[in-house]
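First the structure, in the form of structure tokens, and then the observations on it.
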Amino acid sequence: MSDSPDLSAFIAGLPKAELHVHHVGSASPHVVAELAARHPESKVPKDPEALADYFTFTDFRNFIELYLTVVDLIRDAEDVRLLTYGVAQDMARQRIRYAELTVTPYSSVRRGIPDRAFLEAIEDARKAAERDLGVVLRWSFDIPGEAGLEAAEETARIATEMPPEGLVSFGLGGPEKGVPRALFKPYFDRAIATGLHSVPHAGETTGPETVWDALTSLRAERLGHGTSAAADPELMRHLAERQIPLEVCPTSNIATRAVRTLEEHPLPELVRAGVPVTVNSDDPPMFGTDLNTEYGIAARLLGLDAAGVAELARNAVRFSFLDAPGAARLLGEIDTYLADWQARRP
Ligand SMILES: [Zn+2]
């Protein structure tokens with residue numbers, strides 16, 4: 001049912017919000033090729049087709065290495081602006097109307113882009129995307145966990161001392177193994193004290209104890225992935241009771257080998273337990289996916305029809321940090337789209 005062309009068409013036109021998607025990881029081969037052409041000495045292929053091969057990786061560690069070679073292409077403010085606007089163009093094509101984009105300022109600042117120039121570049125692109133494409137962007141600044149406490153300090157400094165207008169949340173990404181969540185508590189405390197929301201990654205490549213750590217130490221309001229919560233009934237009960245949502249990214253979990261096959265993906269189990277879920281794409285071009293594909297996969301795993309898919313889209317808006325008028329407007333767009341669709345298919 002869910003793989004029907006009909007439902008795919010419904011998903012493609014459905015106004016959507018995305019809550020878990022990375023800035024650099026969203027660079028489509030076209031954008032990466034443009035960046036690589038600006039920096040000819042880079043070893044990243046310049047041809048979009050060769051790039052697709054380049055992005056085939058074997059495990060999570062290998063993925064991080066490839067990811068960092070693309071990070072290395074972001075060398076000046078113009079690269080940042082080009083990347084950000086290119087990502088918004090790809091979102092517009094998928095009818096994504098709102099996205100909280102995870103940005104890692106530390107990676108760029110460490111490579112010599114001055115913090116202020118970096119922030120101006122993303123803000124310029126954000127305003128242009130809203131004006132020209134109707135895509136509303138907000139930022140989540142995340143600590144690249146593998147870079148340790150220096151990265152945490154720098155990310156917290158930028159997020160709390162010079163927050164750009166679009167900044168709404170504070171996160172923690174990178175590998176989980178050997179990177180205890182609790183280590184980052186002081187930085188999350190500072191970010192939360194300035195009004196930022198807490199959205200760490202947890203329970204993607206490690207067990208439910210990491211999710212508990214993210215909840216208790218980092219006061220997580222949403223969890224990046226959190227899929228290993230399915231192994232802990234008490235944790236699922238906690239998430240359901242407190243209505244703490246998981247940002248689920250099915251294809252990413254397969255690509256990084258966090259979950260073996262889609263058939264074994266815990267999404268249905270989480271939903272059955274009443275855990276709120278949203279559907280997301282993580283690093284879409286690198287994983288050969290996009291948000292519409294992820295909605296199709298979720299629909300298949302959960303056996304959803306158009307109304308069920310629309311409810312998933314509403315979840316993403318409800319659990320977003322979009323202001324109330326913006327959220328009401330987007331929920332209205334979803335309702336109207338569904339009603340029109342149903343009226344045409346009695
Ligand atoms: Zn992620």
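Order of appearance sets the numbers: ligands from 1, and atoms from 1 within every ligand.
Below the 2.8 Å limit, the Zn ion (ligand 1) has as protein N, O or S neighbours His20 NE2, His22 NE2, His201 NE2, Asp282 OD1.
Tested against Ser198, the residues Ile192, Asp189, Leu172 include a single side chain to side chain contact (heavy atoms under 4.5 Å, CB included) partner, Ile192.
Side-chain atoms of Glu34 and His30 form a donor-acceptor pair, as typed in the model, at a separation below 3.5 Å.
Ion pair Arg181/Glu204 not flagged as a salt bridge, since none of the NZ, NE, NH1 or NH2 atoms sits closer than 4.0 Å to an Asp/Glu carboxylate oxygen.
Residues satisfying the side chain to side chain contact (heavy atoms under 4.5 Å, CB included) test with Ala12, not counting sequence neighbours, are Asn292. For Glu100, the salt bridge (Lys or Arg N to Asp or Glu O under 4.0 Å) partners are Arg222, not counting sequence neighbours.
Contacts classified as ring-ring contact (aromatic ring centres under 6.0 Å, His included) and involving residues 291-323 (residues at least two apart or in different chains) are given here: His197-Phe321.
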